[in-house]
Amino acid sequence: MAAVKASAARGDPPLLQAAEAARCAREASSSSSCGDGGAGAGGVLASALVANLCFAHNTGAMWKVLDQAMASRLVSPLQTLALLTPRVVPNRRAQPEAYRLYLELLGQYMVAPVCTVRAETKAMLVKSIDDALHLSDSYGFQKMDFGHTVVLFVLSIIKILTDCILEDCGLPSIASDGHDISYAIGDGKGSSLDRRDDYRECLRRKNTIMTLEVVEKITANKNTQVFLRLVYHNTPENFNSLLQRLQLVGALKSKKFLTANNLLDSLMMNIRKVITTGHQVHKGKLLGVIVSTKPCSSAARSVSGAGKSSCWIPFDMFMENAMDGRHLDTISSIEALTELSKTLQVLNRATWQETFQALWISALRLIQRDDGIPEGPFPHLHSRLCMLLAIVPLSVASILKEESDKLEGGMVSVRRGELLSSLQVLGQFFGLLSPPPSVVQSANSAARKALVALSILKDRNENGHNSSKDRSSIKAVGNMLHLIVDACIARNLVDTSVYFWPSYVVPVKDTSAVEESPWSALMEGSPLMGLKDALMVTPASSLAELEKLQPFAVSGSDEEKLAASKILCGASLLHGWNIQEHVIQMVLKLLSTLLPLDSGSNGFYIHHMPMLHALISGISSIDAVHILSMYGLVPELAAILMPLCEIFGSLPPSDHRSCSFEEASVYSVFSCAFLCLLRLWKFHRPPIEYALSKHGVFVCSELSLDFLLLLRNSHFALKSLCDVSRKSILQLEPSFQKSVYIDSFPKLRAWYFQNQACIASTLSSSYKKKSILQLANKILKIFCHKMSKSGIPPVSSQSTSSSSMSGSPLGAQDDECQGPPATAWEVLEAVPFVLETVLAACAHGRLSSRDLITGLRNLADFLPASVAAIVSYFSAEITRGIWKPVMLNGTDWPSPAATLSAVESDIKEALASAGVHVNIFPRARPPIPMLPLPIATLISLSITVKMEEFNHLQGIIDKGVEICATSSSWPSMPIIGALWLQKVRRWHDYIILSCSETPFTRDKNAIAQLIRSCFSSFLGPLVDGRSCFVADRGVTSLLGQAHQKRGPQLSISPGLLYTRCCRMFPDNYFVCEEIFKVVIERARALANECDSSRPHLLRSGRMSLSSASCSVEQIASLAASMLCHAGGMKLIRLLYEQILPTMLLSAGEARLGSAGPVCSSFEGFALAYVLLVSGASIWGVGETSPVYTSVYTSKRQRVVDRHLEFMANVMEGNIELGCGQVTWRTYVICFVGLLIDFASTWIPEVKLETLQKLASGLWKWHECDLALSLLERGGPKAISTVVEYIL
C-alpha cells in the first residue's frame, strides 16, 4: 500500500499504480519462495488489494487501481472476484458504494474471463478460488480441477446474486441444501447504517436493480450459458436449485418491481436457452447450397413419402414380428415396447399424445390384419389382442410411472393428460375400431359397463341415493375403443370420467335380460364345482374375481384345486386381457409352490400330479406359450419346468402301456413339461451354431438353455438389488428366487449333453452302459408291436450302422406289448440307439417304410416325449447328407404327386405377389418325387400326428420342418407342403406361406428382391431414378390391408414375408449391404428431386428440402426396423464396427460420393440417419430399465466408442477414405448432430480422448458450435476441456 500511495502522490494514473503494486508483489513472492514467483505474484497482489479495499481503504481511487489491475491481467479477474464476493456481499447494506462497484466489476469481467495456459497458475487459481468460496465443500468435490472450479464459480456467483435480490426485496429465500453458498447481511460494524440517509437508501434500491441487470447480463453471455448447460447436463440437482431461485425472482413481476419487468423476461429467456438449446442439424447449411430450400408445390410434396405416420413404422414392424410364434422372446415385449416408444418419441420430435396415438393405431392395425392371416398352427387373435389390450397398456403404464416418480406433490401428470387426448382422437378412426366377430360380445360388455355406471350416477343425482332398480336389460353397442378404455381403467391409467365423452356409449333398445356372468355367481358364494365349466370358457373381468378363485387353488380340496387350475389356464389366461398379467403370475406361482426343490417324497408329487398336469397342459398351448413369451417369462418358465422334468422323469411308471396327453400320469406330466421346455430353445441345433455364422454375425446364442438360465438368474439378481421392476409381473416364492443352474438337475444335464453329442456326431461305436442297451432292445419290441414280421436286429454294444445289422432279428412273437419298467430319462437315453438301428434296417431293406412309421408312432404313443429325441436325431442325420433319397411313390412312402404341381404354382404366385420372382425348383424334377430317407421319415411321422396332440407336438415338429428347409440342399419344402396339404386342406394358405419362406434360406437373389419390394411397397417404386407417386403405399401396403378379401390365391405382403423369414437369412452381412444399397438409391432419387440444376420448366415440381429430409427419415425408419429384426443387437454392432466403415473406405466406380455433389450430400445424410436410428432402436436414447440395460444397453458403450474413434482417426488422416469428401463430411456432421440432438446419453460413455479428436476435426472444418455441443455432453470428464476451449 505504501508503493501505491507513493505512486498516487506522484500523480501517476491508476494503471501505473497497479503496475507498481504488481512489482512489489513479484518481489515479495520471489523472496518468500524458492519456486516460480510469477505464478503467485498475481495472487499476492489480488489478496492485498482486496484486503485493503474491504474496507480499510474503501476509496474510489483504490477501486480504479483494482479495475486497471484486472483489465491488464496483473491479477486474475476470476480470483479477484472470488476474493471480493465473501467480503462485499454480506456488507452490501452497510457499504452500498462498494457493492455497486463490485457489481460493475462483475458485469465487466465475469462475461469475458481469459484462461491462463500455465499449469502452476491454474493450480494456484483453483486453490485460491476454492479457499475463498469453499466450492469443494459446498458441492461435494474432493479434488477440484480448473474446469470444475470455473463452472462452479459462475454458478455460485449467480446463486449468490439471486439470493441477494430475493433478500433485498423481502421474498423468501431457498433453504440451504448443502450445495449453496449463502451470505447473510452483515451487522454493519465499522460503518454507520443510517436509514435516514436518503441518498444511501436510494443507492441500495438501485443496487438491487443493478444486481438483476448483472445477473441478466451474465446469463445472456454465451460462455456463461455453456457453463450453466454443463451444470444442467452433469449435476441437474444444482441446476434445479438455481432454477427455483430464478422462479422466485420471476415472482417480482407481480410486485411491479420498478422497471425490472423487461429484465425479468430477458433473464428467464436466457435460462430457457440453456435448457432448450441443442445443436440442430442445419440441413440448409449442409444441403442448401446445392439444394432448393424454397417451398414446393403440393404435388411435389405428395411424392416425398407416405406421410408423417410413416415415421412410426417401427411400431408396426415390432408388433408384427412379435406375432411369429416360432421365435420366443427372452425379454418382455412390455420392456421392448416401452423403450421403443421413448425412442420414437424423441426421434420424431413428437408429443406424448402423438406417440400414444401412433401406438394405439399400430396395435389396431395388427388386430385388423388377423383377417388376412391364413388358418394354421401358430398364434392368432388371442396373441394380437394381448398386444393391444395388455402389452400396450402396460407399456403406457411404465411410461406414466416414469414421469410420476419425478413429480413432486401437487404436480399434475402431463403424460396422463396426453394419454386421454390420444384416446379421444382414437375415436375418429372408425375403420380400425370395428371388432373381430369373436370379440363383439366383449366390446359390447365393455360399452354396457360404461352405460350402467352412467345410469347409476344419474339415479344417484336424481334421488340422492343408489337406486336398486334392475339394470339387467341395459345394453350397448361397443367397439375396440371401449375395450382399450376398459383395459386402461383396469390398470388405473384413466378414470371413469371418460364415460362422459360425447357419444362414447350408444344404448340399444332391447328389453331382453343380459346373461349373468358365472364369475358374478362365484362372487356371491355359489359353489365352485357347479360353475367350473362356465368359468373355464368365461374370462374373469376384475382382479377381485381372480382373488376369489385363489383360495380354492391354494387351500381347497383336491377337486377344487384341479378345477381352479383348469379355470386359471382357460379363458382368463388367453383373453382375460384386463387381468392377464395377474393370471399368469398366479399360474406360475402355483407351479413354483408345488416344487419343494430341497425335499419332497415321490408320494407328494404323485398326489399333486392331476393339478400339475392341468397347469402344464394349460400353458402348453400355442397361444399360451406365445403370450408367456410376450411377457418375457421364457427364462422363468424354463427354470420352473426343469425341476418338474427332473422329478417326473425319475419316477417309474405304474403298469404303463401307452400315454395320452389328456390323462394325468407320470409319463404324460413329464412329456408335457419336457416338450414345453424344449420349445423354448433350439434344442435340435448343433452347439457350434449357437455362436458362429458368416462374417461373425452371432445369430442364435439366445436360444441355448444355458443362456436362458443365465438370463433368468440375472433377472432375479437385478430385482434383488432394487425394487421389483416396474414392468415385471412375476413375483415367485422367495425359496424359488435363488439362482438355478443346469448342474442342479443331473438327469436333465445328462440328456442335454447326450443330445448335443448325438447332434454333433454319430453315436459312439462302443457304448459301455449295458442296461441302456438292454432297455433299447425292450423298446424295439414296442416298436415292432403288431408287425407281422420284422427283420430288425437287436441293439448291441457295437452300435454302428454296419454292426447293428448282425444278430438275430426281433420278431413279433417276442413282443408282449408291455412297457419296460423304466423311467422317462432312461427311455430317452435309449431312444437314439433304437432310431439308429431301425433307420439302418429300413435303408438296407430289412424294415418296410410303413412298419418304420408305425413303429415310430408306437414309440411316440408309449412316451410322447420321445418325439423330441426322434426329431433331434433325424434332424442331425439330415445335416450329414449320407442317406440316399427314397421315391415317394404312394406305395412305400406317401406320394405328393396329386397336389405337388398346384403347390409349386401357388408358391410362385405367392412369392410374385410379394415382388419376388425366383425358380423354386432349380434342379430338373424327377418323374417320381424323392426325398432323403431321414426327411421322408420325419415328414411321414409328422403327418400321423393327431390334431388333439398338435398343441404339444407342434413346436417340436416345427423344429424338424425347419431343419428340412435350412440344412438340406434338397428342395424339399414343396414336397413337404404337398404332403401336408393332403392331410389338412384348410391349412392351404398357411402351408403355402411356410413353403414360400424356403427360398430365402439359401437364395441371395430372392433376399435382395424381397428387400427392394419392401421399400417399393412402403415408399413407392423408383422410375428412372426418381420416386413415382402411387396411391397404394405406406404401412398397409407393406404389411397388408386391413380386412383384406382373400382371393382364390394367397397374396402375401412383402413386409409380412420379411418379418417371418428374416431370422432365417443365411448371411446377414449381405442383408445389411442390400438394405444400404436401396437406401443409397433412394437418397440419390431424392437428390434428383431437389437438384436446383434441373431445367427451369421443371423447377415448379421440385421437392423442398423439408420434404426431402422427411423422406430420409421415413427411409431410415424402415431400414433400421428391417436391420434390427434381421440380426438384432449383434448385427447392429457389426454395422457400427465393420459394415459401414467398410462402405466408407471402399473405393471403385460404385463407391459412395461418385454420383455428384447433390447425391453425395444426401448419401451422407441418409447413412447417418440409418445408423443412428438403428442403434437407438436397439439401445434406446435415454435411461432404460435394469433388465433392458443388462440385455441391450450395456453393450452400447464399446460399439459407439469404436465408431466415433474410427471417425476421429479418419479426420486426423490416419485412415484413407474411399468415398467422396462431400459424402464423408455430410455423414460426420449429420451423425454427430443427430447424436447430440437425439442420443446425447451415449456421448458420456465415449472416451474423452476420442471426443477431443473428433471435436478437433470439427473445428478444422469450422464446425465450432457442433464441436462445442459434442464436448458439452461428454460428461464430467469433459468439463475441463470445454472450459479451456471457450475461455
Nearest-0.5 Å distance that lies between atom SG in Cys488 and atom CG in Asp495: 11.5 Å
Point-to-point distance, once rounded to the nearest 0.5 Å, from CD1 of Ile399 to OG1 of Thr338: 5.5 Å
side-chain contact (heavy atoms from CB on, under 4.5 Å) partners for Met586, two or more places apart: Leu546, Gln550, Leu568
Expected output: side-chain Glu646 to main-chain Leu748 donor-acceptor under 3.5 Å: yes
Rounded distance [0.5 Å steps], CZ in Phe674 versus CZ in Phe648: 15.5 Å
Kindly list each side-chain donor-acceptor pair under 3.5 angstrom involving residues 527-542, sequence neighbours excluded, with atom names and distances?
| residue | atom | partner | partner atom | Å |
| --- | --- | --- | --- | --- |
| Thr538 | OG1 | Ala534 | O | 2.9 |
| Ser541 | OG | Glu545 | OE1 | 3.0 |
| Ser541 | OG | Glu545 | OE2 | 3.2 |
| Ser542 | OG | Glu545 | N | 3.4 |

No-hydrogen, no-angle side-chain donor-acceptor test under 3.5 Å, Asp623 and His626: no
Interatomic spacing from CD1 in Ile616 to CG in Leu591 - rounded to 0.5 Å: 6.0 Å
Check against side-chain contact (heavy atoms from CB on, under 4.5 Å), Ser650 and Trp825: CA-CA 7 Å; Ser650 304; Trp825 288 123; 3.7 Å; yes
Stepwise side-chain contact (heavy atoms from CB on, under 4.5 Å) test for Ile489 and Asn578: CA-CA 9 Å; Ile489 292 175; Asn578 293 351; over 6 Å; no
4.5 Å side-chain heavy-atom contact, Cys386 and Gln580: yes
For the student: nearest non-hydrogen atoms of Pro635 and Gly632, plus distance: CD-O, 3.8 Å
Step-by-step side-chain contact (heavy atoms from CB on, under 4.5 Å) determination, Val669 to Leu644: CA-CA 8 Å; Val669 172; Leu644 283 175; 5.6 Å; no
Any side-chain heavy-atom pair of Ser617 and Cys672 under 4.5 Å: yes
Side chain proximity check, Leu483 to Leu388, heavy atoms < 4.5 angstrom: no
Salt bridge Arg365-Glu320, side-chain N to carboxylate O under 4.0 Å: no
Side chains of Asp558 and Met611 in contact at under 4.5 Å (non-hydrogen atoms): no
OG on Ser395 to CD on Glu335, rounded to 0.5 Å: 9.0 Å
Euclidean distance, Leu651 CG relative to Met609 CE, rounded to 0.5 Å: 8.5 Å
Flag, side chain of Ser422 to backbone of Leu419, donor-acceptor distance under 3.5 Å: yes
Minimum heavy-atom distance between Met523 and Ala544, given as atom pair plus value: SD-O, 3.9 Å
Glu403 atom CD, neighbour heavy-atom count above 12 within 6.0 Å: yes
Donor-acceptor pair between Ser517 and Ser520 side chains, under 3.5 angstrom: no
Within-4.5 Å side-chain heavy-atom neighbours: Asn479 and Ser434: no
Heavy-atom pair of closest approach, residues Val583 and Ser572: CG2-O, 3.9 Å
Residue pair Glu581 / Leu394: nearest heavy atoms and the distance that separates them: OE2-CD2, 3.6 Å
Side chain proximity check, His608 to Lys561, heavy atoms < 4.5 angstrom: yes
Test log, rule side-chain contact (heavy atoms from CB on, under 4.5 Å), inputs Lys548 and Trp519: CA-CA 9 Å; Lys548 182 71 175 179; Trp519 289 95; over 6 Å; no
